[in-house]
Amino acid sequence: EYRQLTKLKSTYIDALPSLVNPDTDRVHSSFNQTGTETGRLSSSNPNLQNIPIKTDIGRQIRRAIIAYDQESTLVSSDYSQIELRVLAHLSKDENLIMAFRNNKDIHKTTASLIHGLDEKDVTDSIRETAKRVNFGIIYGLTSYGLSRDLGIPVEDAQVFIDAYFLRYPKVKEYIQEQILRAQKDGFVTTLLGRRRYIPEINNKNQAIRQFAQRKAMNMPVQGTASDLIKLAMIQIYNEINTKNLKAKMILQIHDELVFNVPNNEADEFSKLVKDRMENVLKLDVPIRADIKTGKNWLEMEEVK
């Protein structure tokens, strides 16, 4: 607990005020186009993409990120499960596609398929396991990794993973295709054609080779998600200029955008952002963005 508190104090409470620009009275981060292998933007000096959210005490840091003044508010737009939606589109798996098209709780759907239960009978703990498997598959989850994550025997974890691929067979086919493609071509691509070269995919060292295979599985999904939000950012920026709006894009955190918006523009701008983010590219499944507004980044209310 002491270590957690000292880390929060040194990284944010002590550091952020010292980074305030004297001319603007604001903190200005740098967003780097080429800092990550998947193509996502990274943030530095300070890194505002790793402001804590998992613990109550860490979340309080978000309260310090506030709207410019009383006449404006923060608007946040966050893609919902974008990587799983991209995976559904890329793999063309019917079960995954139908779950998103029918607006199902994807983790409950996966849990019900794996365990042969009605969705109404899926408990929170079973749903949580399915959630870890859903997201873990994108990152090349192994039975060992899942067993460690859930505190269960490796054999049980393998049963979960096998059951997942039995219910979503085209996801398994897609993953195998990406690995073969990387072995043959030396690279994989996002939906929009951006390449990532993976020369170590044919390395003689098994550990290096397996790590490269996980990259080959993950990059097209994560990379496509990063392409989507970058396209959305460009389109929203153009709309702001075309309509002479006073809104400003102030933060990008992976699948979330945060804007400072004058109060009198908030309703119109929220609709604009939602529309652009959800319609930036046509996928086989609907793209969903959740909009929230508030005076600070912690205390925000969802806009229906």
Side-chain angles (χ1 to χ4, degrees), residues 31-43 49 79-97 99-100 106 110 132-146 149 161-162 164-234 252-256 277 280-287:
F31 288 87
N32 315 300
Q33 283 269 33
T34 54
T36 68
E37 293 177 324
T38 55
R40 288 189 180 278
L41 294 180
S42 65
S43 163
Q49 292 182 333
Y79 274 132
S80 168
Q81 299 167 335
I82 190 65
E83 290 178 357
L84 290 174
R85 292 171 194 268
V86 167
L87 179 64
H89 176 85
L90 293 175
S91 68
K92 308 291 184 221
D93 187 275
E94 290 88 352
N95 283 338
L96 210 47
I97 287 170
F100 282 121
I106 190 65
T110 298
R132 306 249 183 132
V133 177
N134 268 334
F135 285 118
I137 291 296
I138 298 167
Y139 294 94
L141 185 73
T142 62
S143 53
Y144 173 72
L146 184 62
D149 199 19
I161 292 171
D162 291 344
Y164 177 96
F165 285 131
L166 199 63
R167 302 302 183 266
Y168 298 126
K170 291 221 174 136
V171 172
K172 186 168 192 176
E173 284 174 28
Y174 170 74
I175 287 169
Q176 288 168 339
E177 278 168 19
Q178 292 308 304
I179 292 170
L180 287 171
R181 186 173 173 192
Q183 287 168 342
K184 177 173 157 284
D185 300 337
F187 63 84
V188 289
T189 61
T190 66
L191 186 60
L192 296 176
R194 188 162 50 79
R195 291 183 183 185
R196 179 178 180 185
Y197 287 90
I198 310 176
E200 63 275 28
I201 193 85
N202 294 312
N203 196 290
K204 289 188 173 66
N205 182 308
Q206 187 184 358
I208 293 172
R209 199 168 62 244
Q210 286 175 339
F211 184 56
Q213 288 174 355
R214 288 198 290 276
K215 286 185 194 173
M217 293 154 58
N218 173 248
M219 188 275 174
V221 177
Q222 247 202 83
T224 298
S226 84
D227 291 351
L228 283 178
I229 200 160
K230 283 181 184 174
L231 277 177
M233 289 167 77
I234 292 165
Q252 192 262 32
I253 310 92
H254 309 312
D255 300 327
E256 179 183 6
M277 284 184 75
V280 68
L281 210 61
K282 200 82 187 128
L283 300 185
D284 291 341
V285 297
I287 299 174

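Sequence positions, counted from 1, serve as the residue numbers for this chain.
- Nearest approach of Leu141 to Arg132, heavy atoms of both residues: CD2-O, 4.3 Å.
- Side-chain contact check for Arg85 versus Tyr79: every heavy-atom pair is 4.5 Å or farther apart.
- The two residues Pro220 and Gln178 have their closest heavy-atom pair at CG-OE1, 3.5 Å.
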_Glu177 vs Leu180, test: side-chain contact (heavy atoms from CB on, under 4.5 Å). Steps then yes/no._
CA-CA 5 Å; Glu177 278 168 19; Leu180 287 171; 5.8 Å; no
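- In this structure the side chain of Val86 reaches within 4.5 angstrom of the side chain of Ile82, judged on heavy atoms.
- In terms of heavy-atom proximity, Ile201 sits nearest to Ala182 at CG2-O, 3.4 Å.
- The salt bridge (charged side-chain N to carboxylate O under 4.0 Å, His left out) search around Arg167 returns none, not counting sequence neighbours.
- A donor-acceptor pair shorter than 3.5 Å can be found between the side chains of Gln49 and Gln252.
- The two atoms that bring Ala232 and Val280 nearest to each other are N-CG2, 3.5 Å, heavy atoms only.
- The two residues Leu96 and Ile106 come nearest to each other via the heavy atoms CD1-CD1, 3.6 Å.
- Between Asn203 and Phe211 there is no side-chain heavy-atom pair separated by less than 4.5 Å.
- Residues passing the side-chain contact (heavy atoms from CB on, under 4.5 Å) test with His89, sequence neighbours excluded: Lys92, Leu191, Leu283, Asp284.
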_What verdict does the salt bridge (Lys or Arg N to Asp or Glu O under 4.0 Å) test give for Arg40 and Asp255, after you've listed the backbone C-alpha separation in whole Å, the side-chain angles of each residue and the deciding distance to 0.1 Å?_
CA-CA 9 Å; Arg40 288 189 180 278; Asp255 300 327; 3.0 Å; yes
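- At a threshold of 4.5 Å between non-hydrogen side-chain atoms, the residues Thr224 and Gln222 do not count as touching.
- Ring centroids of Phe135 and Tyr139 are separated by 6.0 Å or more, keeping the two rings apart.
- Residues passing the side-chain contact (heavy atoms from CB on, under 4.5 Å) test with Met219, sequence neighbours excluded: Val188, Thr190, Arg194, Arg196.
- Counting only distance, with no hydrogens or angles, the side chain of Asp93 and the backbone of Asn95 share a donor-acceptor pair below 3.5 Å.
- Here the side chains of Leu41 and Met233 are in contact, with some heavy-atom distance below 4.5 Å.
- Of the inter-residue distances, the one linking Ile97 atom CD1 with Leu87 atom CG reads 10.0 Å to the nearest 0.5 angstrom.
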*Checking side-chain contact (heavy atoms from CB on, under 4.5 Å) for the pair Arg181/Thr189: CA distance, chi angles, key distance, verdict?*
CA-CA 10 Å; Arg181 186 173 173 192; Thr189 61; 3.3 Å; yes
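- Annotation: side chain of Glu94 is not in contact with side chain of Tyr168 (no heavy-atom distance under 4.5 Å).
- Enclosure of atom OH in Tyr144 is not indicated, since only 12 or fewer non-hydrogen atoms of other residues, nucleotides or ligands lie within 6.0 angstrom.
- Residues Val133 and Leu146 come closest through the heavy atom pair CG2-CD2, 3.9 Å.
- Defined by atom type and a distance below 3.5 Å, a donor-acceptor pair is present between the side-chain atoms of Gln33 and Lys230.
- Distance CD/Glu200 to CD/Gln213: 11.0 Å, rounded to 0.5 Å.
- Going from atom CG of Asn218 over to atom CD1 of Ile137 covers 12.0 Å, rounded to the nearest 0.5 Å.
- The shortest side-chain heavy-atom distance between Asp227 and Leu281 does not fall under the 4.5 Å cut-off.
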